[in-house]
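One is the number of the first residue; the rest follow in order along the sequence. Numbering of ligands and ligand atoms starts at 1, following listing order.
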Amino acid sequence: MTEQNADQAADWNDQSGERWVANQARLDAMVAVFGQAAIAAAAPATGERVLDVGCGAGASSRALAARVGAGGQVLGVDISEALIGRARALAPQDMPALFQVADASSAEFPEGAFDILFSRFGVMFFDDPTGAFAHMRRALRPGGRVAFVCWRGAAENEWMRLPMGAMQGIVPPAAPPDPEAPGPFSFGERGRVARILAAAGFIDIALAPFDASVPIGEGGTRDAALDDAVKMALEVGPLSRALAGQGDDIRARASAAVRAVFAGLPGERSVTIDGAAWIVTARNPAS
Ligand SMILES: C[S@@+](CC[C@H](N)C(=O)[O-])C[C@H]1O[C@@H](n2cnc3c(N)ncnc32)[C@H](O)[C@@H]1O
């Protein structure tokens, strides 16, 4: 039997992890507004203990630590050594945040130790999401809360749909992905998320749509911003996989096609594109 989450662990300790570390400040700026919405839903209070799942470079852990204060505690866990390395480097010494390299679906968390189970885009990658959430639920105290943000479907997210659409005729169309396979859009379907959380033992499950425009390119001029947006899309966006192993000619055509599509997006010295997420909340039963 294959080890749980082996593919994701390999990817986040290789290409995806490296790309996120290299572009960490940019990616943090892009998804900041989604993280803030999830933190607002979590409503962390002074002194609370928070488990930040798939914390990456730790931006949400730091924001949560600022909210819970010195009497509280945030534990950020992530399967990627490189991203946890970055999270440790970025966290001020006196911040009540600790970081651990671990697979959140099987890590040995102290039972009932956390008030809040939180994640900013870090819970969509489990091979067995119900098993993972049931495991993480045991780390929550009775009555503890869940709040996370995850993407809605790929078709609703322009940052995915537009660049991939621009690829038509340039790279052969990929087989339609399994919408439930671990990956950024695997929690796109609201019924599936609710079923996973209910099967894992949570109650009071709610999903609220949250849409925001995110900056994907910036520069001194609109042209520079467009160049920057295309670079980001090819390096860390959905195209990075579609173009893996392709030669310079295809990459140049892809670049031009994406630039043409992005030219229709708003922004003066920037390029902004729409993202569509769910803010998910739930609760551990009181006993
Ligand atoms: C899209 S990134 C989000 C990172 C971070 N939360 C942020 O918003 O910047 C997803 C993260 O989930 C982590 N991840 C994937 N599977 C995981 C697992 N089974 N346990 C812990 N972390 C995992 C990845 O390593 C990656 O850092």
Side-chain angles (χ1 to χ4, degrees), residues 2-39 42 50-65 74-91 97-109 117-136 139 147-151 154 157 159-160 181-188 196 200 210 212 214 232 236-238 240-241 275 277-280:
T2 322
E3 201 184 318
Q4 283 278 306
N5 308 319
D7 289 351
Q8 293 293 327
D11 185 37
W12 287 104
N13 279 291
D14 188 30
Q15 288 199 355
S16 287
E18 281 164 20
R19 288 194 198 110
W20 271 69
V21 168
N23 295 283
Q24 166 260 316
R26 297 287 308 276
L27 289 165
D28 276 342
M30 283 182 202
V31 297
V33 64
F34 293 95
Q36 285 153 11
I39 291 176
V50 187
L51 180 60
D52 186 3
V53 177
C55 66
S60 53
S61 307
R62 295 192 297 280
L64 288 159
V74 178
L75 176 63
V77 289
D78 199 285
I79 209 162
S80 163
E81 294 206 15
L83 280 162
I84 286 292
R86 179 59 65 93
R88 288 186 176 133
L90 290 174
L98 291 172
F99 296 97
Q100 188 183 333
V101 179
D103 180 336
S105 71
S106 55
E108 284 189 26
F109 299 123
L117 183 62
F118 178 89
S119 184
R120 184 179 88 171
F121 298 122
V123 290
M124 306 90 86
F125 304 94
F126 300 118
D127 287 343
D128 170 13
T130 301
F133 272 95
H135 174 78
M136 296 187 294
F148 65 82
V149 58
C150 58
W151 296 116
N157 273 287
W159 61 268
M160 178 72 185
F185 302 106
S186 68
F187 275 24
I196 288 168
F210 181 83
V214 298
M232 276 305 277
V236 275
S240 58
R241 271 196 181 75
W278 294 120
I279 302 291
V280 183

- Tell me which protein heavy atom sits closest to atom 19 (N) of ligand 1, plus the residue, atom name and distance to 0.1 Å. Asp103 OD1, 2.9 Å

- Query: Of the non-hydrogen atoms in Phe118 and Val50, which two are nearest, and what is the gap between them?
  - Reply: CB-CG1, 3.8 Å

- Exam field: side chain Ser60 to backbone Gly35, donor-acceptor pair closer than 3.5 Å: no

- Message: Could you check whether any side-chain N or O of Asn13 sits under 3.5 Å from a backbone N or O of Ala9, counting only pairs where one atom can act as donor and the other as acceptor?
- Response: yes

- Can you find a side-chain donor-acceptor pair between Arg241 and Ser16 that sits under 3.5 Å? yes

- List the closest protein heavy-atom neighbour of atom 4 (C) of ligand 1: residue, atom name, distance to the nearest 0.1 Å. Gly54 O, 3.4 Å

- For ligand 1, is any non-hydrogen atom under 4.0 Å from Ala59's backbone (N, CA, C, O), its side chain (CB onward), both, or neither? neither

- Item | Candidates Val280, Ile196, Val53 - the one meeting side chain to side chain contact (heavy atoms under 4.5 Å, CB included) with Val123 | Val53

- Would you kindly specify which portion of Gln8 sits under 4.0 Å from ligand 1, judged on non-hydrogen atoms: side chain, backbone, both or neither? neither

- Query: Considering only protein heavy atoms, which is closest to atom 10 (C) of ligand 1, and at what distance to one decimal place?
  - Reply: Phe121 O, 3.3 Å

- With the threshold set at 4.0 Å, does a side-chain nitrogen-carboxylate oxygen contact exist between Asp78 and Arg86? no

- Query: For atom 20 (N) of ligand 1, what is the nearest protein heavy atom, given as residue, atom name and distance?
  - Reply: Ala104 N, 3.0 Å

- Note on the structure: Residue, atom and distance of the protein heavy atom nearest atom 22 (N) of ligand 1 read Ile79 N, 3.2 Å

- Item | Heteroatom proximity flag, Asp78 to ligand 1, N/O under 3.5 Å | yes

- Message: Can you name the atoms of ligand 1, numbered from 1 with element, that are less than 4.0 Å from a heavy atom of Ala102?
- Response: 20 (N), 21 (C)

- With distance as the sole test, does His135 use its side chain to make a donor-acceptor pair with the main-chain N or O of Phe109 at under 3.5 Å? no

- Note on the structure: Honestly, for Leu83 the part within reach of ligand 1 (heavy atoms, under 4.0 Å) is side chain

- Item | Ala9 near ligand 1 by a heavy-atom separation under 4.0 Å | no

- Mind checking whether Ser60 has a heavy atom under 4.0 Å from ligand 1? no

- Message: If the cut-off is 4.0 Å to any non-hydrogen atom of Gly56, which atoms of ligand 1 fall inside it?
- Response: 4 (C), 5 (C), 27 (O)

- Query: Which residue and non-hydrogen atom of the protein lie closest to atom 16 (N) of ligand 1, and at what distance in Å?
  - Reply: Phe125 CB, 3.6 Å

- The atoms of ligand 1 lying under 4.0 Å from a heavy atom of Ser80, numbered in the order shown, are 25 (O)

- Note on the structure: Residue, atom and distance of the protein heavy atom nearest atom 2 (S) of ligand 1 read Trp12 CH2, 3.7 Å

- Message: Distance under 4.0 Å to a non-hydrogen atom of Cys55: what atoms of ligand 1 satisfy this?
- Response: 5 (C), 6 (N)

- Message: Parallel, tilted or perpendicular, judged at 30° and 60°: which one describes the rings of Phe126 and Phe133?
- Response: perpendicular

- Query: Starting from atom 8 (O) of ligand 1, which protein heavy atom do you reach first, and at what distance in Å?
  - Reply: Arg120 NE, 2.5 Å

- Note on the structure: Logged contact type for Ala57 with ligand 1, heavy-atom cut-off 4.0 Å, is neither

- Are the aromatic ring centres of Phe125 and Trp151 under 6.0 angstrom apart? no

- Working to the nearest 0.5 Å, report the span between CH2 of Trp12 and CG of Asn5. 13.0 Å

- Give the numbers and elements of all ligand 1 atoms closer than 4.0 Å to a heavy atom of Phe126. 18 (C), 19 (N)

- Message: With a sphere of 6.0 Å drawn around CD of Glu18, does it hold more than 12 non-hydrogen atoms of other residues, nucleotides or ligands?
- Response: yes

- Does the side chain of Asp11 pick up a donor-acceptor pair with the side chain of Gln15 at under 3.5 Å? no

